[in-house]
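Okay, so here's the structure we're looking at.
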Amino acid sequence: MATPTSNRPLSPHLQVYKFIPTMAMSIIHRITGVALYFGTVLLAAWLVSAAMGKEAFDCVSWFLGSWLGLLIMFGYTWALVHHLLGGLRHFVWDFGHGLGKEFTTKVAIALPYVSVGVTVVLWIIGLIAW
Amino acid sequence: MTAVALVPLFIFFILFVIAHLGASYEAVTASLANPFVSVLMAMMVLAGLIHMRIGMQEVIDDYIHNELLKLSALMANTFFTVLVGGFCIFALLKIAFVG
């Protein structure tokens with residue numbers, strides 16, 4: 001006897017899809033977007049501290065310069081770069097170009113390498129400037 | 001639309017931050033008081049907040065199906081973005097006009 005739950009039709013859900021690069025990039029685009037959303041608190045804190053005075057500014061600067069602050073800033077930079085590059089891809093798509101299956105997959109595979117690469121280059125420039 | 005505006009604005013922002021890493025309070029506030037920097041910063045903040053409010057609304061619509069919870073989340077989304085915007089714009093104006 002077949003179990004009642006076996007051959008029943010399923011509505012498409014996340015776990016029935018094969019995990020593919022374009023899907024991963026779509027998910028990461030959304031996650032980086034949400035991270036950037038909450039990260040704006042840091043931007044507000046930085047601007048408000050600069051408006052409050054030297055003591056508050058030095059306090060926020062100290063935190064951002066600490067290992068935890070640097071880690072957060074590195075993650076924030078990557079999220080920003082990744083989301084920005086992902087957005088550029090959307091501009092191209094909006095004009096009806098580059099929508100083919102092979103091409104989007106290639107771009108999706110390349111994107112994390114490019115975003116990490118750009119982030120590292122920005123930080124090298126930043127650390128030299130610092 | 002905001003996405004298009006945010007590309008040059010964020011490139012400007014990244015360059016500004018790199019140029020001011022480790023800079024003193026006086027140097028940073030002096031730069032932020034520059035009209036061009038101040039206006040571009042404000043544009044970045046406004047475009048960014050509009051962009052992220054739309055984006056978060058999309059996420060909420062996709063994942064939250066309980067009506068009350070959805071309504072609360074959508075409201076919280078607006079409150080959060082407006083609050084962050086209020087702080088950022090006030091700070092920029094104070095730095096520019098009062099120092």
Side-chain angles (χ1 to χ4, degrees), chain A residues 14 26-27 29-62 64-65 70 73 76-81 83-91 93-94 118-119 121-130, chain B residues 1-11 13-15 17-33 38 41-42 44-45 48-49 51-60 62-63 77 80-81 83-99:
Chain A
L14 209 57
S26 170
I27 294 167
H29 191 75
R30 188 162 267 202
I31 292 172
T32 51
V34 172
L36 292 166
Y37 181 99
F38 292 106
T40 52
V41 171
L42 280 175
L43 175 67
W46 182 64
L47 286 173
V48 168
S49 77
M52 279 171 76
K54 192 168 167 38
E55 263 176 53
F57 181 80
D58 286 343
C59 183
V60 172
S61 295
W62 169 82
L64 293 177
L70 288 175
M73 292 312 288
Y76 196 83
T77 313
W78 173 74
L80 184 62
V81 168
H83 200 81
L84 199 147
L85 291 172
L88 293 178
R89 192 181 48 143
H90 277 278
F91 293 159
W93 285 339
D94 286 346
V118 171
T119 306
V121 168
L122 282 174
W123 272 69
I124 290 170
I125 297 169
L127 289 173
I128 291 168
W130 196 10
Chain B
M1 195 166 74
T2 49
V4 179
L6 282 168
V7 174
L9 289 171
F10 264 118
I11 290 171
F13 179 68
I14 290 169
L15 293 176
V17 170
I18 287 176
H20 289 80
L21 284 173
S24 67
Y25 164 75
E26 289 79 12
V28 172
T29 47
S31 295
L32 285 173
S38 194
M41 281 283 181
M44 181 197 74
V45 167
L49 291 172
H51 184 92
M52 75 187 212
R53 181 173 171 272
I54 297 168
M56 186 55 83
Q57 185 165 336
E58 201 92 347
V59 173
I60 292 165
D62 280 353
Y63 302 131
N77 182 30
F80 178 80
T81 44
L83 196 66
V84 171
F87 275 114
C88 289
I89 301 298
F90 176 83
L92 283 168
L93 291 176
K94 181 166 184 271
I95 293 164
F97 294 120
V98 186

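Nothing here was measured: the structure is a model prediction, and the numbers come from that model. Just so it is clear: chains get the letters A, B, ... in the order the sequence lines come, proteins before strands, and each one is counted from 1.
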Pairwise distance CD1(Ile18(B)) to CG(Leu127(A)) - rounded to 0.5 angstrom: 9.5 Å
Using non-hydrogen atoms only, which part of Trp123(A) is less than 4.5 Å away from chain B: side chain, backbone, both, or neither? neither
Check whether Leu64(A) gets within reach of chain B through its side chain, its backbone, both or neither, counting any heavy atom under 4.5 Å. neither
Answer whether the closest heavy-atom distance between the side chains of Glu26(B) and Phe57(A) falls below 4.5 Å. no
With a 4.5 angstrom heavy-atom cut-off, could you sort out which part of Ile89(B) is near chain A: side chain, backbone, both or neither? neither
Against chain B, label Phe91(A) side chain, backbone, both or neither, depending on which of its atoms sit under 4.5 Å from a heavy atom there. side chain
In Å and rounded to the nearest 0.5 Å, what is the CG to NE2 distance from Leu36(A) to His51(B)? 8.5 Å
Taking Phe87(B), Phe80(B), Tyr25(B), Phe10(B) one by one, which has the highest count of heavy-atom pairs under 4.5 Å against chain A? Tyr25(B)
Under 4.5 Å from any heavy atom of chain A, what part of Ala23(B) do you find: side chain, backbone, both or neither? backbone
In terms of heavy-atom proximity below 4.5 Å to chain B, should Thr40(A) be classed as side chain, backbone, both, or neither? both
Do Ile14(B) and Leu80(A) come close enough that some side-chain heavy atom pair is under 4.5 Å? yes
Thr32(A): which residues meet the side-chain hydrogen bond (donor to acceptor under 3.5 Å, both in side chains) condition with it, sequence neighbours left out? His83(A)
Name the member of Gly33(A), Gly53(A), Gly65(A) that forms the most heavy-atom pairs with chain B at distances under 4.5 Å. Gly53(A)
Cut-off 4.5 Å, heavy atoms of chain A, and the answer for Asp62(B) is side chain
Between His20(B) and chain A, with a heavy-atom cut-off of 4.5 Å, which part of the residue counts as in contact: side chain, backbone, both or neither? neither
Evaluation steps, side-chain contact (heavy atoms from CB on, under 4.5 Å), between Phe38(A) and Met52(B): CA-CA 10 Å; Phe38(A) 292 106; Met52(B) 75 187 212; over 6 Å; no
Cut-off 4.5 Å, heavy atoms of chain A, and the answer for Phe90(B) is neither
Segment of Val59(B) engaging chain A (4.5 angstrom heavy-atom cut-off): both
Contacting region of Leu32(B) [heavy-atom separation from chain A under 4.5 Å]: side chain
Given heavy-atom pairs under 4.5 angstrom as the criterion, report whether the side chain, backbone, both or neither of Val4(B) touches chain A. both
Minimum-distance pair of heavy atoms, taken over all atoms of Leu21(B) and Gly126(A): CD1-O, 3.4 Å
Taking every non-hydrogen atom, the tightest pair across Val84(B) and Ala44(A): CG1-CB, 4.2 Å
